[in-house]
Amino acid sequence: MAAQPARPDVRSRTRMGVEPLLWILGALAVGAAALTIVVRVQDRSGHVPPSSMFAAAGIVLSLIAMLAVTAATYRVGVPLRAAIAFGAGFAAIAIAKFGFGATALFQGNRREDIQNVGGLTSGGMIVVIGVAVGLLYVAAVWLLAVSLRPAPPPDGPGLKPLLALLVVGGVAAAVTAFFATTAALQYIVFAMTGLEATGIAVALFVAATLVALAFNDTARRARAVGTVSMYVTVAWVAIAFVLVFHVLWIVFLLAVVALWPLRSVTPK
Amino acid sequence: MSSRRPRLLARMVRPRAAFTMWTFMIIGLARHAGPTISLDLVAATIALLASYAVATSVNDIADVEIDRANGLRDASRPLVTGAATAGDLRWTATMAAGAAAVASLPLGPAGVAVIGLCLAVDVAYSAAPIRFSRRWTLAPIVLTAAYVALPYWLGIVVAHDRWRSVDELLLCGLCVLFFARIILKDVRDRLGDAAHGRSTLLLRLGKRPTCALSVAGALAGCAIITLAIAPPPAIAVAIALDTAAIVWMLLRLRREVDLRGELIAIGAAARAGNAVLITVVAWLLLSAQDAPGAQASMLVGVLTVVSAVSFLALARHPERARIAYKA
């Protein structure tokens with residue numbers, strides 16, 4: 001069978017050359033240097049988990065995310081620039097979640113106890129927070145994917161799953177807050193009002209911009225080659241990574257609260 | 001300079017198996033020092049990975065004909081595919097041995113001794129005149145020592161501690177569990193092994209007795225590990241669930257006649273075995289920091305759920321699996 005002729009209107013997929021590799025190596029070097037500094041200036045007060053630990057976790061996870069997400073999305077078939085944008089976007093999410101977010105939780109909890117109607121353990125509250133915030137992240141990624149889609153349903157991603165997710169998530173959040181704990185809502189308030197709020201806002205803005213850029217590049221390529229399925233696959237890969245990040249976050253914070261439990265009150 | 005040989009060296013560190021060895025080192029470290037990240041840990045990791053590259057290089061040279069007969073023509077067998085020559089692999093073995101020796105220096109005399117033993121076992125396992133790999137009774141025992149006991153000992157060295165009586169029971173359990181796993185490694189290669197007259201436990205005893213031995217080893221290993229680490233009841237239940245998953249897969253292996261199905265059953269059992277190891281690491285790290293049992297149980301519960309999802313995905317949908325079994 002004859003080979004398919006090359007498409008002159010579609011840029012061939014860029015191979016991983018020296019320049020992108022240098023960028024990735026540069027990012028790894030900066031991350032390693034930052035990690036070394038953070039570990040050297042550890043604050044070990046003993047009563048709350050050291051912020052340096054969260055900073056170190058954020059840096060390590062962002063480096064892993066950079067490599068893993070770039071490799072995974074590149075393998076699916078997106079252009080190299082989009083794959084690197086996905087990787088960098090998820091690196092920013094890792095810094096927001098594992099670095100700033102976790103710090104905000106414990107700093108906020110120092111000022112204000114968590115309302116714990118159902119008498120959950122610290123671990124239980126972490127699971128509630130992780131699930132609720134995870135749903136928000138999934139909704140955000142799906143919203144970006146829908147906004148920049150190359151084709152409407154049934155080929156491209158639709159809004160219906162997002163609406164269903166928001167309705168189910170909203171009801172679950174309300175029921176949980178009423179009968180179990182307000183941990184998820186309070187975490188969001190801590191993340192938006194504390195000292196770490198600026199860091200979280202910047203990191204999430206960078207993440208959203210990069211992920212949007214990546215979806216845009218992917219959509220353009222999908223339109224050019226006429227395979228919308230590639231775009232949908234990339235959207236699912238992004239959501240899979242969001243879920244993996246949240247499971248990791250839950251596991252990490254469960255280990256942390258085993259040593260430094262959250263302060264909570266059970267109203268009579 | 002051509003980057004072919006350095007890339008080959010990196011390829012000879014087969015990540016899955018190397019990670020298993022590293023886990024046993026972390027268990028040794030966690031048992032003696034709790035959560036510890038140090039330059040010694042980095043040095044020990046490099047030394048361990050390099051020593052494993054020596055083992056794979058020497059083994060690939062020694063068993064090239066058997067590997068060819070078994071049709072192992074993927075990127076992890078460069079000698080079989082023709083991507084590398086025996087000279088290339090001798091180079092990777094020499095370089096990796098040098099790297100292991102240099103990396104072990106910061107660990108002091110004990111670290112140098114452990115890595116020296118690792119290298120000696122790596123060579124003796126595959127190369128003449130000893131060739132443990134051709135002695136069906138000794139091969140799994142030597143592999144257990146190389147994969148479990150020596151890395152565990154290296155973990156103690158990284159912790160700057162010495163052997164204690166609490167290590168005996170835990171290491172015994174880990175070795176028995178690993179032995180149950182490693183005696184199944186020859187399932188994939190039995191045709192080539194038989195054709196080349198290589199005697200293995202599987203060929204000597206047959207599949208059913210080997211599976212029975214593996215089930216007994218898994219049950220005994222997990223029970224001994226549970227006794228050794230004395231976890232809270234919820235964590236003991238998590239280990240029991242993992243053990244049940246291993247036994248389920250071994251029983252499936254016993255019935256399976258298709259090679260692909262056999263390999264998937266072994267892979268799924270190994271995945272459940274990894275869950276046991278992760279549970280042990282989690283509990284040792286948290287208990288070393290005096291974490292309450294309830295909180296540690298919650299963490300292990302989440303880890304067990306994640307492992308169960310991964311295990312059930314493989315066990316219930318074997319048709320979706322991609323065979324990447326390299327042990």
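Everything numeric in this text was worked out from a predicted model, so none of it was measured. Note: hydrogens, waters and symmetry copies are ignored here, and every other heavy atom, side chains too, is used. Numbers restart at 1 for each chain; the letters A, B, ... are given by sequence-line order, proteins then strands.
For A:A238, the side chain to side chain contact (heavy atoms under 4.5 Å, CB included) partners are A:F86, A:F90, A:V141, A:F215, not counting sequence neighbours. Remark: A:F190 engages no residue in a ring-ring contact (aromatic ring centres under 6.0 Å, His included) (not counting sequence neighbours). A:Q115 is linked by a side-chain hydrogen bond (donor to acceptor under 3.5 Å, both in side chains) to nothing, counting only residues two or more places apart in sequence or in another chain.
For chain B, the nearby parts of A:V251 are the backbone and the side chain; heavy atoms of each come within less than 4.5 Å.
Residues A:A258 and B:P292 approach most closely at O-CD, 2.9 Å, considering heavy atoms. Of all heavy-atom pairs spanning A:A255 and B:L286, the tightest one is O-CD2, 3.9 Å.
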Legend entry - Evaluation steps, side chain to side chain contact (heavy atoms under 4.5 Å, CB included), between A:V127 and B:M298: CA-CA 10 Å; A:V127 173; B:M298 183 93 189; 3.6 Å; yes

Enumerate the inter-chain donor-acceptor pairs under 3.5 Å for chain A and chain B, one line per pair.
from: A:G123; atom 1: N; to: B:Q295; atom 2: OE1; distance (Å): 3.3

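Summarising the geometry, atom CG belonging to B:L299 is positioned 11.5 Å from atom CD1 belonging to A:I126; distances are rounded to the nearest 0.5 Å.
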